[in-house]
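Below you'll find the structure, written out as structure tokens, and then a few comments.
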Amino acid sequence: GGRVCLAAAGEVLARRGDVTLLAVGPEEPEKADQVPPAELAAAGLGDRFRYLGNRDDIVDLYGARDLVVLSSFLEGVPRTIMEASAMGIAVVGSSIRGTREAIVDGETGLLVPAGDAPAFARAMLDLLGDDERRRRLGRAGRELAERRFDQRTVWQRIDEAYAEVTSLRGS
């Protein structure tokens, strides 16, 4: 994830002078793909790439974004994608389990092969260069989030699953 995102960021910034990229999340030195802050600084991306660390004001940050990217190699429940979609923001994510369930490729966002930095850069550049498509994906992502990820819907599905298991045990 982190190195893929850094490589894609370099490509995007080289081609688009009007873009600022924000990286958000905790430092996790135990992860093999973690990019240490010193390496980020040495990457030479300048002040248009900012590592903000772990934040508790993520909703405010979503409000300032045109696009959200998640380049993970492993993701259980991609909360970042679900939250961004709920905010109506277009998303790009790795085509991995979890993220594939949160993004309908080409309809609510774009799925990219995990680890493919040039593909991430292309997807980001495509959406940054097409405001209408980006807005359309964001709207469709919000509709998907309301249908699939709304807390009330999730709890209702859990209740239904428990009721089904209980009825099967009773028979």
* Of all heavy-atom pairs between Arg48 and Val19, which one has the smallest distance, and what is that distance? -> NH1-O, 2.9 Å

* Asked: Is it the case that more than 12 heavy atoms not belonging to Arg97 sit under 6.0 Å from its CZ atom?
  -> no

* Could you pull out the closest heavy-atom pair between Val24 and Gly53, with the gap in Å? => CG1-O, 3.5 Å

* How close do Val4 and Gly115 get, heavy atom to heavy atom, and via which atoms? -> CG2-CA, 3.6 Å

* To do: Can you measure from CG (Leu21) to CZ (Arg16) and round to the nearest 0.5 angstrom?
  => 10.5 Å

* Asked: Taking atom OG of Ser95 and atom CG of Leu110, what is their separation to the nearest 0.5 Å?
  -> 11.5 Å

* To do: Drop me the distance from Arg100's CZ to Ser94's OG, to the nearest 0.5 angstrom.
  => 10.0 Å

* Just one of Val92, Asp66, Val69 clears the side chain to side chain contact (heavy atoms under 4.5 Å, CB included) bar with Leu127, so which one? -> Val92

* **Glu11 and Arg15 ion-paired at < 4.0 Å** => yes

* Ala119 backbone acceptor or donor facing Asp116 side chain under 3.5 Å -> yes

* To the nearest 0.5 Å, tell me how far Thr20 OG1 sits from Leu45 CG. => 11.5 Å

* To do: Calculate, to the nearest 0.5 Å, the distance between atoms CG and CD belonging to Leu61 and Glu83 respectively.
  => 11.0 Å

* Specify the closest pair of heavy atoms between Ala23 and Phe49, including all atoms of both residues, with the distance to one decimal. => CB-CZ, 3.9 Å

* To do: Work out which heavy atom in Arg133 is nearest to a heavy atom in Asp130; give both atom names and the distance.
  => N-OD1, 3.0 Å

* To do: Find the distance between OG1 (Thr108) and CG (Leu137) and round it off to the nearest 0.5 Å.
  => 7.0 Å

* Neighbour count >12 (heavy atoms, 6.0 Å) for atom CD, Glu132 -> yes

* Asked: Taking C-beta and beyond as the side chain, do Val91 and Leu70 meet within less than 4.5 Å on heavy atoms?
  -> no

* **For the student: nearest non-hydrogen atoms of Gly88 and Arg142, plus distance** => CA-CB, 4.1 Å

